Amino acid sequence: MQEQKPGFSQLNRQGLANFDSQLLKSIRSGKQPLSKDTLSAVLKLFVEMIKAIEDIHKKNQILAFVSPDIFMAKPAVDHNDMTTMQMPKKITISRKEFLDLDRFAYISPEQTGRISRTVDYRSNYYSLGVTMYELITGQKPFTADSMLELTHCHIARKPVAPDYLNPAIPRAVSKIILKLMEKEPERRYQSATGIISDLKRAIEAISASGRAEEFALGRDDWSNKFGLPQKLYGREKERAIIRQLAEQASVRVSQILLVGGAAGVGKTAMIKELFRPAAERNVYFASGKAEPLQVNTPYYVFTQMTRELVRILLQESDLMLEEWKKRLLKALNNNGQLIVDLVPELRLIIGDQDAVEELEPTENRNRFLTTFGNFIKTFAKKEQPLAVFLDDFQWCDQSSVELIKYLLTLDDMNSLMVIIGYREHEIQQNHPLYRCLEELKKSDQAATIIVKPLDQGNVARIISDTVHCHPDQADVLARVIHKKTQGNPFFVRNLLLHLHTSQYIYYNEDNHQWEWDEDEIEKCAISDNIVDFMIGQILKLPPKTQDLLKAGALIGAAFDVKLLMAVLNLDEQAILNQLGEAIDREIIIPENNYYEFYLGEAGQTFRFAHDRIQQACEALIPPESKKQLHLKIGNKIWQSLPPEQVADQAIQIVCHLNEGLDLINDTQERLMVLRLNLWAAQKAKTATSFSLARQYIETAISLLPDNPWEADYPLTFELIKTYAECAYLNKEYPLPKLRLRC
Ligand SMILES: Nc1ncnc2c1ncn2[C@@H]1O[C@H](COP(=O)(O)OP(=O)(O)O)[C@@H](O)[C@H]1O
Ligand SMILES: [Mg+2]
């Protein structure tokens, strides 16, 4: 083993040249038997690897990718491998870097994008665990033919213990590697000090006796990083119910699960977490989320869900993809274009499709429903059921509601489980979906779970995992926090973050422990309204960051940096820098943009950590600026599209422009927005959402100039005709009266 030279662990584009790459190479090729000396040398090498990575982490960066190659003197790797992430701390890493199977073998469960976890420094520990595993055993922990299978392995399969594969590997070393490779970041090592200390203990034991017996790991693994855990606490009863339902779903006709509860109580987290193991049980699980701004976009939730399903499929092996293509083409029966219209990415699996013949509106609707039903049936099979999670039903668009009902009436639909998440307090008698929800609840296929807040014990567990102490020690703090938050996990997390940034919870460097000021915390005046509380948090951010968040909130639950650049006239780096703090405070989460990659480059997308946060950001915008901002967003989306796509995307544009109609005075501009609304109406009509089509056409009509018949007879005629048609299709007879400014 070479001596460490100054600046040695500086990771550069040549790799970690000063590593003993001869040793690395020979252990990689499996030529080196694991003698006592080799073993010590290898473990020392591991220590150096950790140190190198720690140097990066100290700069608040993480490595995009870790594998044995990056430690080689002349790495056979491309530059991406050596890229550290530019952003501070938590950042998800674009899928494109992992597209090949070889590289996929090293990524952490959270980097697969299949679980709702953010990526942080501990992701590098996992990959380092895989690297060590490979170096010491001569084989990778997981191998598979497809990324999907590898994803399952990373998420759910336990690796075979290294000492089982090679008894020459001491048990303690084997355990250290397995701890690095724990599925949950909270169960991995939390610090480089912790890993190095354990490795050194093993090295000492080996040089003393040639063996390293098992010892309690993590003795020195304290962390001064305030890490809110992302795992699920409690929910044991719900887990049991869901398991039972999932089992029934594979034998019965379709099953429906309604998951209600307050905002932030943990509905989304629970369903996503409890269905995570589904990936292993060969269940396809895909989710789509409704959004307030998209209530007028036909099939919005189903589009989101299908998109995820397609992404999952795209990870299958080429052979399987061919098989899927055949199955889908057969099921879609020449109507594939209908689903491609909804989710263009599907073309990557089934290829370009022939245009479909235009039918009468009701026939159109029937054909769409049948085709979508057949599409779903292809996935929902006894041997591999399909679970679709349609979240935030309170904002669900009407056509998706009809589609849910349709799917549930199909007698020959087996092995489908529809899970609907909804805010219990928001769907009251005056809500348009109230009756529908009540009907769904009454159906004998349905089960309902109302998610309740966490009890004090679980709040204590969250605290103890955040500040790395025993739950009993966190008892008093847990009582105060539970009282202030009523056990709402969203509130608990944000309150803890707030207490940490306000220094009421702090790390004591002297005794390596987290401490807190109970009296101050007890005194903290905290609004019991979560939105108000979040507004307070957001107001503490730098004003420029706030501006970005406000604009982002108007774009939607997720926003693309490119659009933000255009709207605010800023460059990408400025935006990323200013968003840094919002990421640290868990206000927004960077999103994997894996599927965009297939369709061309797209920028980074960020998602608000919760609707309540988006709502709080939006609430900070004065009403007049809100209208202006909406106009700007709508216009920028419009300008970013090639002219031939504008009609197709009209709904996405008018959902913004229509918010600021009264600020548009220019006649030409009003006419353009009128056209966009007409296109939106036509699009909605094709999607058989007649009531939406009627709404758009009404807006279009309101934009007609005075004396419209004289100003533009053909256009006025077309509008009136479409209006009558939509009202008729919407079963409004006699036709409602329409007043034009003649
Ligand atoms: N059982 C739980 N244990 C710990 N954290 C939780 C739990 N349920 C939810 N959370 C966290 O609380 C926040 C809000 O949860 P979410 O599922 O988005 O709420 P909802 O969908 O009900 O509005 C998320 O950050 C989530 O990770
Ligand atoms: Mg939710």
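Just so we're clear, the structure is a prediction, and the values are computed from it rather than from any experiment. Numbering starts at 1 and runs along the sequence shown. In listed order, ligands and their atoms are each counted from 1.
The backbone N or O of Tyr506 lies less than 3.5 Å from no partner atom in the side chain of Asp517, so there is not a single donor-acceptor pair. Between the side chain of Lys289 and the backbone N or O of Leu390, no donor-acceptor pair lies under 3.5 Å. No donor-acceptor pair under 3.5 Å is formed between the side chain of Glu182 and the backbone N or O of Tyr189. Gln473 places no side-chain N or O within 3.5 Å of a backbone atom of Ser464 that could act as its donor or acceptor partner. Side chain of Asp397 to backbone of Tyr299: a donor-acceptor contact under 3.5 angstrom is found.
The proximity of Leu454 to ligand 1, defined as any non-hydrogen pair under 4.0 Å, is limited to the side chain. Contact annotation: for Ala262 versus ligand 1, heavy atoms closer than 4.0 Å belong to the backbone alone. Only the side chain of Ile462 comes within 4.0 Å of ligand 1, counting heavy atoms alone; its backbone N, CA, C and O stay farther away. Contacts with ligand 1 closer than 4.0 Å are made by side-chain heavy atoms of His610 only, the backbone lying farther away.
Thr268 OG1, 2.6 Å is the protein heavy atom nearest to atom 21 (O) of ligand 1. Scanning all protein heavy atoms for the shortest distance to atom 13 (C) of ligand 1 gives Phe490 CA, 3.8 Å. Atom 10 (N) of ligand 1 has as its closest protein heavy atom Pro489 CB, 3.5 Å. The nearest protein atom to atom 25 (O) of ligand 1, hydrogens excluded, is given as Arg493 CD, 3.2 Å; this is a heavy-atom distance. Protein heavy atom closest to atom 15 (O) of ligand 1, with residue, atom name and distance, is Gly266 CA, 3.7 Å. The protein non-hydrogen atom at the shortest distance from atom 1 (N) of ligand 1 is Tyr233 O, 2.9 Å. Closest to atom 17 (O) of ligand 1, if we only count protein heavy atoms, is Ala269 N, 2.7 Å.
Aromatic rings of Phe302 and Phe372 (six-membered ring for Trp) have centroids within the 6.0 Å cut-off, being under it. Residues Tyr300 and Trp395 place their aromatic rings such that the two centres sit no closer than 6.0 Å.
Judged purely by distance below 3.5 Å, without hydrogens or angles, the side chains of Gln394 and Asp392 pair a donor atom with an acceptor atom.
By the 3.5 Å distance cut-off applied to N or O atoms, Val265 is counted among the residues near ligand 1. On a distance-only criterion, Gly264 and ligand 1 share at least one N/O pair closer than 3.5 Å. Checked by distance only, ligand 1 and Met270 stay at 3.5 Å or farther apart across all their nitrogen or oxygen atoms.
Using 4.0 Å as the threshold, Lys231 has a heavy atom nearer than that to some atom of ligand 1. Taking 4.0 Å as the cut-off, Gly234 does not count as a neighbour of ligand 1 on heavy-atom distance. Contact annotation: Arg235 has at least one heavy atom less than 4.0 Å from an atom of ligand 1.
Distances below 4.0 Å separate heavy atoms of Ala263 from the following atoms of ligand 1: 23 (O).
Here CE of Met534 is found 11.5 Å from CD of Gln615. Values are rounded to the nearest 0.5 Å.
Partner of Ile588 under the side chain to side chain contact (heavy atoms under 4.5 Å, CB included) criterion, out of Thr605, Leu548, Ile613, Leu579: Leu579 alone. Each of Leu541, Ile621, Leu564, Leu554 was evaluated against Leu549; a single residue qualifies, Leu541, per the side chain to side chain contact (heavy atoms under 4.5 Å, CB included) test.
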